[in-house]
2 protein chains.
Amino acid sequence: MTAPAATPLSLRIRAAGEVPGDTVDSAGNLILSTQTVAALSAIAVPLDVKARTPVVRQGDEAEFVFLIRSGVIKAEHQLEDGRTQIVAFHWPGDLFGLADHDLYLNSADALTDCDLIRFSRPALKALFLTEPGLQGDFLVEAIAHLRLSQRHLLLVTHQRVAKRLAGFLIECSQKPECYDTQTGVLSLIMDRTDIAAYLNTTVESVSRMIGALEERKLITRVDARHVRLDLPGLKALLTR
Amino acid sequence: MTAPAATPLSLRIRAAGEVPGDTVDSAGNLILSTQTVAALSAIAVPLDVKARTPVVRQGDEAEFVFLIRSGVIKAEHQLEDGRTQIVAFHWPGDLFGLADHDLYLNSADALTDCDLIRFSRPALKALFLTEPGLQGDFLVEAIAHLRLSQRHLLLVTHQRVAKRLAGFLIECSQKPECYDTQTGVLSLIMDRTDIAAYLNTTVESVSRMIGALEERKLITRVDARHVRLDLPGLKALLTR
DNA sequence: CGAACGTTTGAAAATCGTCAATGTCAGTGG
DNA sequence: CCACTGACATTGACGATTTTCAAACGTTCG
C-alpha cells in the first residue's frame, strides 16, 4: 500500500482521463523533466495521514496543494442547507486542494491511510516563474480534472439510481487499487453513506440497489465491502 | 457577419469565479500583457455565428479553442443512452472547446447571435513555448472552469427541482447580459427544454415549478421569457 | 458483553417523470 | 384580415421510483 519510492521523491502526477501521446507515460502519468522533479522535490513535504482523518477543511486558508502517492481521499462540499455532497474521490497520482479566493472550496478526508506530499502554494507559484514547463504540467492536470468533474456530473444526472450505481462500480473497477482483474472482485473502500453522497442519493437506496443488481446477476456480493462484477452486464445497463 | 473590432482584437478572458487580486481586472477578466495580446491576436480568427446554429460537434476533431466576445453558447453532451445533458452555458469572456484525445468532448451551439474568436490548438500550443506567461493565464482559466463545473454539480444535485430552479435563476441573475438590476427582471435566453436539460429534469417540471415559485411570490412572470425575481426570497429557498 | 456503527429491510408518503391534451404566440400564405 | 401552421409553454392525470421514517440485524471494538 505504500509507494516504493526508489528516488527520494517519486512524483507521479496522474493525468486523469487521457491526453495526447507525448505528455504522459504508459501508466498515464505526466512526464516530468529531471529538473522539474528536482525543483518540485525541493518544496515538497511528505505527509502521512491515517484513515478517517481530515486533511483540509472547507473554508480554511488554502496554504497547500496535495499530491497523493498512495491511498484514497474524499473531497466533499458542505452546502449552506446542511447537505454534504461528495465532489470527488481522489486516487494515487491525483492532485487536490482546489481553492477559491485562497480558501479551500472543499473538505478533504482520508478514506484509507494515505501517503501524501504537500506543496506550499506560494512556493509553487514562485516555481512557476523559474520553471515554465511546470505550469504546462499543471495545466494538463487541471484540464484532466475538468473532464473528470464533467464525468461525475454525467454520472450523477442519470435518473435511475441503478444507472448511477452501475456507473460508479464501473468507475471504481478502473482503479487498480481496488479492482482485481483476475477474480473480478471490487473492494469498496468507502461506506454506503459515502457512495450515497457521491451518487446523490440515500444510504437506503444504495443498499436496495445493490440488492437489486445482485438479483439481476450483475453483481455478486462477497461481503458488504466486496462485490464481484459482471462488467459487460453493468455497461449494458448503463447504455440502456 | 464580421467582428466590429474597435481595436483590432480586444480579448476579454473572463476568469470565471474569482481569483486573487493581481491576475484579474475589476470586471473579472484576466490581465493580459500587451505582448501576450499581440501574440494571441496573431493567431486569432474572428467568427460570427447566428442564433441556433452549431459551432462544434461532439466527437469531431478538436481543431480550435473558442473565446466568446458576445453572445451565449450552450455546451451539451450526448450520452450513449440517448440522453442529452447540458454541461454548461458559456458567456462572454468564456473559453470553450474542451477536448479529450483531440476530439471535442461536447457539442456547442449558439443560443444567441455570437461574436466568437477561434484559436487553432496547434498554434496555441506553439505560442505556449514562446509566451510562457500565456500558459499561466490558461491555467487560471482552467481552474476557474473547474470551480464553475463543481458549482453546476452542486446545483444539479439539489434533490428538489424547486431548489435547482431557484439556483439557476440566481445564477442567471449574476449575468449582466440578461439581468436588469434596476427592474429586477431576468431575461431567459434559453427555452424550457434547455433549462430542463441543464437542471437535469423535464420541460414539464420546469414549467410547473415556475408556476409554483410564482404562487409563492418568489418570482413574477412578465411573459414566458421574462421574470421578475425576488432574489432574497430565492436565496432563502435555496438554503432551506 | 454491550455500545456504536454500518448495513439491510419494511412500509408509507411524496416528488417527479411520463403521456396526453390544451393553450399561446409569431409567422405564413391565401 | 383571417385561418393555418408549427414551435413552445402550460396543465392534468397517472404511475413509478425514491425519499423518509422506523426498526432490525450484523460487526467491530472497547
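To find a chain, count down the sequence lines: A is the first, B the second, and so on, and within it residues start at 1. Just so it is clear, the structure is predicted and the values come from calculations on it, not from any experiment.
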Measure the shortest side-chain to side-chain distance between [X] and [Y] over non-hydrogen atoms and say whether it is less than 4.5 angstrom.
X        : Y        : result
A/Phe66  : A/Val56  : yes
B/His77  : A/Leu153 : no
A/Leu105 : B/Gln150 : yes

What heavy-atom pair brings A/His152 and A/Ile86 nearest, and what distance separates the two atoms?
CE1-O, 3.3 Å
Could you state the [atom1]-[atom2] distance from [X] to [N], rounded to the nearest angstrom?
X        : N      : atom1 : atom2 : value
A/Glu214 : C/dT7  : CD    : C1'   : 13 Å
B/His226 : C/dC25 : NE2   : P     : 14 Å
A/Ile195 : C/dG6  : CD1   : C1'   : 12 Å
B/Leu199 : C/dC16 : CG    : C1'   : 14 Å
A/Asp223 : C/dG6  : CG    : P     : 16 Å
A/Leu188 : D/dT27 : CG    : C1'   : 17 Å
A/Leu213 : C/dT7  : CG    : P     : 16 Å

State, to the nearest 10°, the angle formed by the axis through the first five base pairs of the helix from C/dC1-D/dG30 to C/dG30-D/dC1 and the axis through its last five.
20°
Test item: A/Arg83 side-chain N/O and B/Gln159 main-chain N/O as donor-acceptor pair under 3.5 Å
no
So OG of A/Ser205 and CZ of A/Arg160: to nearest 0.5 Å the spacing works out to 13.0 Å
Here the gap from B/Leu154 atom CG to A/Glu80 atom CD, rounded to the nearest 0.5 Å, amounts to 9.0 Å
Under 4.0 Å between a side-chain N or O of B/Thr201 and OP1 or OP2 of C/dG17?
yes
Any protein N or O atoms within reach of nucleotides 10-13 of chain D? Criterion: under 3.5 Å, listing atom names and distances.
{"residue": "D/dT10", "atom": "OP1", "partner": "B/Arg192", "partner atom": "NH2", "Å": "3.3"}
{"residue": "D/dT10", "atom": "OP1", "partner": "B/Arg221", "partner atom": "NH1", "Å": "2.5"}
{"residue": "D/dT10", "atom": "OP2", "partner": "B/Arg192", "partner atom": "NE", "Å": "2.8"}
{"residue": "D/dT10", "atom": "OP2", "partner": "B/Arg192", "partner atom": "NH2", "Å": "3.3"}
{"residue": "D/dT10", "atom": "OP2", "partner": "B/Ser207", "partner atom": "OG", "Å": "3.0"}
{"residue": "D/dT10", "atom": "O5'", "partner": "B/Ser207", "partner atom": "OG", "Å": "3.1"}
{"residue": "D/dG12", "atom": "N7", "partner": "B/Arg208", "partner atom": "NH1", "Å": "2.9"}
{"residue": "D/dG12", "atom": "O6", "partner": "B/Arg208", "partner atom": "NH2", "Å": "3.2"}
{"residue": "D/dA13", "atom": "N6", "partner": "B/Arg208", "partner atom": "NH2", "Å": "3.4"}

Pairs under 3.5 angstrom only: tabulate donor-acceptor contacts from the side chains of residues 230-240 of chain B to other protein residues two or more places apart or in another chain.
{"residue": "B/Asp230", "atom": "OD1", "partner": "B/Gly233", "partner atom": "N", "Å": "3.1"}
{"residue": "B/Thr239", "atom": "OG1", "partner": "B/Lys235", "partner atom": "O", "Å": "3.4"}
{"residue": "B/Thr239", "atom": "OG1", "partner": "B/Ala236", "partner atom": "O", "Å": "3.2"}

Solution key, residues 185-197 of chain A side-chain donor-acceptor pairs under 3.5 Å, sequence neighbours excluded:
{"residue": "A/Ser187", "atom": "OG", "partner": "A/His226", "partner atom": "ND1", "Å": "3.4"}
{"residue": "A/Asp191", "atom": "OD1", "partner": "A/Thr193", "partner atom": "N", "Å": "3.1"}
{"residue": "A/Asp191", "atom": "OD1", "partner": "A/Asp194", "partner atom": "N", "Å": "2.8"}
{"residue": "A/Arg192", "atom": "NH1", "partner": "A/Ala224", "partner atom": "O", "Å": "3.1"}
{"residue": "A/Arg192", "atom": "NH2", "partner": "A/Ala224", "partner atom": "O", "Å": "2.9"}
{"residue": "A/Asp194", "atom": "OD1", "partner": "A/Lys74", "partner atom": "NZ", "Å": "2.9"}
{"residue": "A/Asp194", "atom": "OD2", "partner": "A/Lys74", "partner atom": "NZ", "Å": "3.4"}

For A/Arg225, report the nucleic acid contact type (base, sugar-phosphate, nothing); a contact means any heavy atom under 4.0 Å.
sugar-phosphate
Sugar-phosphate, base or nothing in reach of B/Met190, heavy atoms under 4.0 Å
nothing
What salt bridge (Lys or Arg N to Asp or Glu O under 4.0 Å) pairs are there with at least one residue in residues 46-59 of chain A, not counting sequence neighbours?
A/Arg57-A/Asp109
Does atom CD of B/Gln174 have more than 12 heavy-atom neighbours, drawn from other residues, nucleotides or ligands, at distances under 6.0 Å?
yes
Which nucleotide in the set C/dG17, D/dC8, C/dC16 lies at the smallest distance from any side-chain heavy atom of B/Asp191?
D/dC8
Ordered by number, residues from residues 156-169 of chain A within less than 4.0 Å of DNA chain D (heavy atoms) are A/Gln159, A/Arg160, A/Val161
